[in-house]
Amino acid sequence: MAKPPKFDISGAKKELNARRAFDQNRRDNANNILRPEQIQGKDWRSAKVLTTTLGLANGQMRRITKQDLIAFNKNIARLESRIEKGVTANEVISLSMPEDKKRSKEQIHFAVPVTMRYGDIKFLTNAGPDSKVTRHSVHIVLADYDHGLAKGTPLQAAKEISKGNLLFDCDCDHHTFVFRYITTIMRANAGRPEHGFPKLRNPQLEGIACKHVLRVMVELNTSIFIWKKIAVMIEADRANNASKELKRRQKTVSMPQREASEMAAKQKLSPRKIEAINKASKASNIANAVRTAARMAPPPSRPKRASMKQANDAATILAATGMTMEEIVAMIAAQRR
């Protein structure tokens, strides 16, 4: 069995601050930004000297035309039509591109929450094999945290909050140049907002998350270990009657090096699929199919109440097996012969 990767969390905050400062300085000095007013056709003289990859293959570029601006506006409108009440971890996974999911599954082995404070979580992930760095920081803001503090036990609240609306950011270049504009438009941005249209890297406005963010979303969506850590934060904030306004009452929950290394090793040895969760609806459909088949069966020899209870029990058991509705109906039909 392969040896778990060495995972060092020391210096993560300083490293993140340095990367953010570099990114801000790079953005402040950029001279090729396609601004919102230019997309609307204003200041066309300066916009037409910029380039885009829209409609071209293999990274080729050409000068922007007025027809491109019309296409950009349509892509923005399409993106905004997806916005309802924010974005959840499950929706981030669903909206992401297949190639980003593939890279996340194959290259990003762990996502560890090193610090938490009132719904604000800093995750560390490993970097990809071709990266110049060894790790990346993913910043998550649980947007439903205030509301979730009043819901159930700390663990129940943690699970609900983790599956609720959130904001996110990553310090990698792929997020910066490909997805930061999209998250800004979709009100899902937890970092520096971006108003410059990604005319070169993502003019079609496709996808929403890099491979590092996707690894974090899977953990938020499915990991009992992550929910337990969030539950600790919830329990502390409840005990202190903390709120957004009373920052001094908010407690920072930090993960020690040993625990972070153990969690990273477990995640590395138990990789998760990068896919949205729809098992609940599938289980419900299977259960309904079993109950429908039970109602179609000949009159039972036992009281009706008992048979329905058996059907409910069978629905629960069969739902856990992952059987399709057709397989269950065929099984019941065979038993009736």
Side-chain angles (χ1 to χ4, degrees), residues 15-83 87 92 95-100 103-104 107 125 127-128 130-133 135-139 167-214:
E15 182 179 79
L16 175 60
N17 289 338
R19 289 180 183 175
R20 284 179 169 175
F22 172 82
D23 173 60
Q24 186 65 61
N25 182 68
R26 177 175 57 186
R27 179 62 174 81
D28 290 342
N29 291 283
N31 57 9
N32 62 342
I33 303 299
L34 181 60
R35 303 188 304 274
E37 62 271 21
Q38 292 174 316
I39 295 177
Q40 298 303 320
K42 306 293 178 63
D43 195 14
W44 166 244
R45 180 176 295 181
S46 62
K48 68 181 181 180
V49 303
L50 300 175
T51 57
T52 183
T53 58
L54 184 67
L56 301 177
N58 302 322
Q60 296 177 326
M61 295 184 289
R62 59 174 174 76
R63 290 288 177 87
I64 287 178
T65 67
K66 289 188 176 181
Q67 287 71 30
D68 290 330
L69 299 184
I70 294 173
F72 293 161
N73 273 298
K74 288 182 178 179
N75 290 340
I76 293 171
R78 174 177 54 80
L79 182 64
E80 290 180 324
S81 69
R82 298 177 178 178
I83 302 171
V87 64
V92 170
L95 293 171
S96 292
M97 300 298 289
E99 55 266 32
D100 291 312
R103 283 192 288 264
S104 183
Q107 301 176 9
T125 78
D130 300 323
S131 178
K132 297 179 180 179
V133 300
R135 62 188 182 184
H136 283 288
S137 178
V138 176
H139 182 194
L167 314 176
F168 63 92
D169 184 50
C170 183
D171 64 4
C172 75
D173 284 349
H174 195 59
H175 176 81
T176 299
F177 297 118
V178 179
F179 299 125
R180 191 186 296 278
Y181 179 82
I182 291 177
T183 59
T184 300
I185 290 291
M186 296 189 73
R187 304 185 184 98
N189 176 49
R192 173 182 64 78
E194 180 56 75
H195 61 262
F197 189 88
K199 60 191 184 305
L200 296 176
R201 298 288 293 273
N202 194 5
Q204 295 286 4
L205 300 183
E206 296 176 324
I208 188 173
C210 65
K211 59 188 178 183
H212 315 104
V213 167
L214 280 169

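Expressed to the nearest 0.5 Å, how far CG of L79 lies from OG1 of T184 amounts to 10.5 Å. Here the CZ atom belonging to F22 is positioned 11.5 Å from the CG atom belonging to D171, to the nearest 0.5 angstrom. One finds the NE2 atom of H139 at 8.5 Å from the CG atom of L167 (value rounded to the nearest 0.5 Å). Rounded to the nearest 0.5 Å, atoms CZ (F179) and SG (C172) are 8.5 Å apart. Put simply, CE on M61 and OG1 on T52 are 10.0 Å apart, with the number rounded to the nearest 0.5 Å.
Between V133 and E15, every side-chain heavy-atom pair lies at or beyond the 4.5 Å cut-off. Two residues are said to be in side-chain contact when any heavy atoms from C-beta on lie closer than 4.5 Å; R63 and L50 fail this criterion. Side-chain contact between R27 and E194 is present, with heavy atoms from C-beta onward closer than 4.5 Å. The side-chain heavy atoms of H175 and H212, taken from C-beta on, include no pair separated by under 4.5 Å. L16 is listed as a side-chain neighbour of R20, based on a closest heavy-atom distance under 4.5 Å. Within the 4.5 Å cutoff, the side chain of K211 has no heavy atoms near those of the D100 side chain. A heavy-atom distance below 4.5 Å is found between the side chains of F197 and I76.
Across all their heavy atoms, P203 and N75 have their closest contact at O-ND2, 2.9 Å. Annotation for C170 and T176: closest pair O-OG1, 4.5 Å, computed over non-hydrogen atoms. Considering every non-hydrogen atom in both F72 and L54, the closest pair reads CE2-CD2, 3.8 Å. When all heavy atoms of Q60 and T53 are compared, the pair lying nearest together is O-CG2, 3.3 Å. For the residue pair F177 and P198, the shortest heavy atom distance occurs at O-CB, 3.7 Å. Closest approach of L205 and Y181 over heavy atoms only: CD2-CD2, 3.9 Å.
For the salt bridge (charged side-chain N to carboxylate O under 4.0 Å, His left out) with D169, the qualifying choice from R19, R192, R180 is R180, the only one to do so. Evaluated for a side chain to side chain contact (heavy atoms under 4.5 Å, CB included) with L200, the options T51, L34, V178 yield exactly one hit, T51.
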Practice item. Could you walk me through whether H136 and H174 pass side-chain contact (heavy atoms from CB on, under 4.5 Å), step by step? Key: CA-CA 11 Å; H136 283 288; H174 195 59; over 6 Å; no
Exercise for review: Let me see the working for K74 and I70 under side-chain contact (heavy atoms from CB on, under 4.5 Å), right down to the final yes or no.
Suggested key: CA-CA 6 Å; K74 288 182 178 179; I70 294 173; 4.0 Å; yes
Point to revise | Test side-chain contact (heavy atoms from CB on, under 4.5 Å) applied to I64 and Q38, step by step | key: CA-CA 11 Å; I64 287 178; Q38 292 174 316; over 6 Å; no
Check your understanding: Would E206 and N202 count as a side chain to side chain donor-acceptor pair (under 3.5 Å) if you check the C-alpha gap in whole Å, the side-chain angles of each, and the deciding distance to 0.1 Å?
Key -> CA-CA 7 Å; E206 296 176 324; N202 194 5; over 6 Å; no
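Ion pair D23/R26 flagged as a salt bridge, since at least one NZ, NE, NH1 or NH2 atom sits closer than 4.0 Å to an Asp/Glu carboxylate oxygen. Taking a cutoff of 4.0 Å between a charged side-chain nitrogen and a carboxylate oxygen, D68 and K199 do not qualify as a salt bridge.
Looking only at distances, a side-chain donor or acceptor of N73 sits under 3.5 Å from a matching main-chain atom of L69.
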